[in-house]
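Here the structure comes first, spelled out in structure tokens, and everything after it is commentary.
Atoms within each ligand, like the ligands themselves, are counted from 1 in listed order. Source: prediction; values computed, not measured. Quick note: residue numbers are just sequence positions, from 1.
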Amino acid sequence: MNKNFYITTPIYYPSGKPHMGHAYSSIIADIFARFKRLEGYKVLFLTGTDEHGLKIQREAEKNNKNPQIFCDELSAKFKDLTKILNLSNDDFIRTTETRHYKSVEEIWNRLVKSGDIYLDKYSGWYSVSDEAYYDKDEIKEVNGKKISTISGSSVDWVEEESYFFRLSAWSEKLLKYYKDNNDFILPSSRRNEVINFVEKGLKDLSVSRTSFSWGIPVPKNKKHVIYVWLDALTNYISALNFPNTNDINYKKFWPADVHIIGKDILRFHAIYWPAFLLAAKIPLPKRVFGHGWILSDDKKMSKSLGNILDPIEIINNYGIDQLRYYLVKEVSLGNDGSISMENLKNCINNDLANNYGNLCQRVFSFIKKNCSNKIPKVKNLTDIDNKLLDQLKNNVPNLIKLMNNQDLNEFIKTVVSYSFDTNKYFNDSEPWSVKKKNPERMQTILFTTCEQIKNISILLNSIIPKSTNKVLETMNVKKDNISISQINSLECFDHNKELKELNILFNKIEDDN
Ligand code: MSP
């Protein structure tokens, strides 16, 4: 069985400081990457920055900076964000690196060689903010300004010499690929969107620009720079050292298992990217997952509405696990979802502080007082204990399946319900009332609860790694034992070792906070 797993985030435009949308794509990808590692896979998790194109060139000019220096500064902020978000990425690619240039030039040369590229003239609409071409039926006029009906961003009329990619020639092959690979585009609503679009017929795509210079020059015609999306998409293979297809990473990790992206960049990933790869005779990725849009108080975040939520500010105030948990618990992954400070506070209090956090704290302090601070060893589990433990253990294959289908919301809902059930079990079993007349029973209750806490912590480890690692460390669970396969083992505790001290995991948020 292939135990390698390659997952990517979009590479971000370093045109401003990172915002919640960037944090969201990255956190989701990180959760899947970590979960696969817990499953025993060798994972390659890639993120990075998309540094060429007119959008970046203009932003650099606005700031009176040379574009390379501008990118160096802002890309560093995105790299910092990977630490702040506690991402477990294995690599961070920048499209201004030499390894990336080599890869893009090779793709270009292959497309030329296969006859998929020709020189002509482009005239049409272009959005610098989206770095995208739009057809005339995708444009409308609002207050005398032309905007794209797809993204709402403003467009300019462009006329210039351009190389074209024969995208139109690939429609049938793409449709066949979608049909043969049902799970290539997820969720399925997005898949239908793409199929409808391709079925209408594709037009050839302009893949070079001459009116600015900040990009990778077209080999053998330096007047042109390569279209930023052809450049950017190639990052997914340049990080594996393509064109060296004998490279160990390329062999192990290509084709990618999943590209995590936002729905706004689906067309690029589900149509252009596979078409480029087909033409360049490179295998296609296995999946593109398009998540929804994060809305702030039901509205799209924008500077003019003043409703942009800054992930770093939230993390400084509430904590990283709190933000990670909230984003994936409250927003249904494939759909748009609204977030608000009010809901964030409720979620932290109800799910984290009162439920999982409180369970750990109560149980560990009870063990400290009544069992010399050691997890008791027990032999006789009753039906009630087994029922609680088995409900979780027997569902592990299903939980793995949910994660592998990117059904994060159902996964969390189920695991949180186990935490509620365990709290209830602890309350109903009343270890405090049996400690004198039946200490053995008390020990069994404590062991069962600890076993559940360990298993819930392993399951939540990819979502809230910092806090669950603290809990597992408190229980002296070895790093090697933090894996999905350990959920079915009752042998992971050292009963002779005292529990470590656990500080409050999640502070409750008061109303005026
Ligand atoms: N550079 C391109 C991606 C190239 S990938 C080969 C790009 N960059 S971006 O910085 O504009 O956006 C990156 C990601 O952030 C996209 O997946 C986008 O969907 C996501 N988000 C930006 N704002 C968002 C929200 N408000 N909500 C959720 N995600 C959104 O596009």
Side-chain angles (χ1 to χ4, degrees), residues 7-30 46-56 59 71 74-75 77-78 81-82 85 87 92-96 100 103-104 107 127-132 150-153 190 214-216 226-239 256 258-274 276-277 285 288-303 305 307-311 323 326-328 330-340:
I7 181 164
T8 63
T9 72
I11 49 170
Y12 305 107
Y13 292 126
S15 53
K17 64 178 192 166
H19 60 67
M20 194 61 87
H22 303 131
Y24 186 58
S25 291
S26 287
I27 288 172
I28 289 165
D30 185 57
L46 177 71
T47 186
T49 43
D50 181 358
E51 305 187 7
H52 292 129
L54 191 50
K55 179 179 166 118
I56 300 287
E59 213 49 52
C71 287
L74 277 154
S75 177
K77 290 213 185 326
F78 280 85
L81 187 72
T82 63
L85 297 176
L87 302 186
F92 186 99
I93 189 153
R94 298 183 54 190
T95 53
T96 46
H100 180 68
S103 191
V104 174
I107 284 254
S127 157
V128 179
S129 142
D130 304 340
E131 295 285 18
I150 314 262
S151 68
S153 53
R190 305 249 178 270
W214 181 237
I216 301 182
I226 295 176
Y227 174 40
V228 64
W229 271 99
L230 172 52
D231 167 343
L233 288 159
T234 307
N235 91 89
Y236 301 129
I237 50 174
S238 39
V258 53
H259 294 313
I260 300 289
I261 56 158
K263 63 175 187 179
D264 51 317
I265 53 175
L266 188 64
R267 212 184 264 190
F268 304 95
H269 283 81
I271 302 174
Y272 301 171
W273 180 225
F276 295 149
L277 291 170
V288 172
F289 187 94
H291 64 69
W293 206 251
I294 296 215
L295 309 172
S296 167
D297 290 321
D298 291 330
K299 293 186 198 73
K300 194 169 167 180
M301 282 183 240
S302 80
K303 279 188 194 148
L305 288 173
N307 63 348
I308 294 190
L309 294 170
D310 178 357
L323 175 67
Y326 173 63
L327 283 180
V328 294
E330 292 286 311
V331 182
S332 157
L333 192 53
N335 302 316
D336 291 352
S338 217
I339 60 173
S340 71

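Neither the backbone nor the side chain of F268 has a heavy atom within less than 4.0 Å of ligand 1.
Distance from atom 22 (C) of ligand 1 to its nearest protein heavy atom, with residue and atom name: H19 CE1, 3.5 Å. For atom 9 (S) of ligand 1, the closest non-hydrogen atom of the protein is Y13 CD1, 3.7 Å. Protein heavy atom in closest approach to atom 16 (C) of ligand 1: I265 CD1, 3.8 Å. The nearest protein atom to atom 13 (C) of ligand 1, hydrogens excluded, is given as Y12 CD2, 3.4 Å; this is a heavy-atom distance. If you check which protein heavy atom lies closest to atom 3 (C) of ligand 1, you get I11 O, 3.1 Å. Protein heavy atom at the shortest distance from atom 26 (N) of ligand 1 is I294 O, 3.2 Å. Remark: minimum distance from atom 19 (O) of ligand 1 to any protein heavy atom is reached at D264 OD1, 2.5 Å. Here the heavy atom of the protein found nearest to atom 30 (C) of ligand 1 is W293 CZ3, 3.5 Å.
Residue contacts with ligand 1: H291 is placed with no nitrogen or oxygen under 3.5 Å of a nitrogen or oxygen of the ligand (distance criterion only).
Taking a 4.0 Å cut-off on heavy atoms, G292 registers as neighbouring ligand 1.
In terms of heavy-atom proximity, A132 sits nearest to Y227 at CA-OH, 3.7 Å.
Atom OG1 of T95 is separated from atom CG of L233 by 11.5 Å, given to the nearest 0.5 angstrom.
A donor-acceptor pair shorter than 3.5 Å cannot be found between the side chains of E59 and S15.
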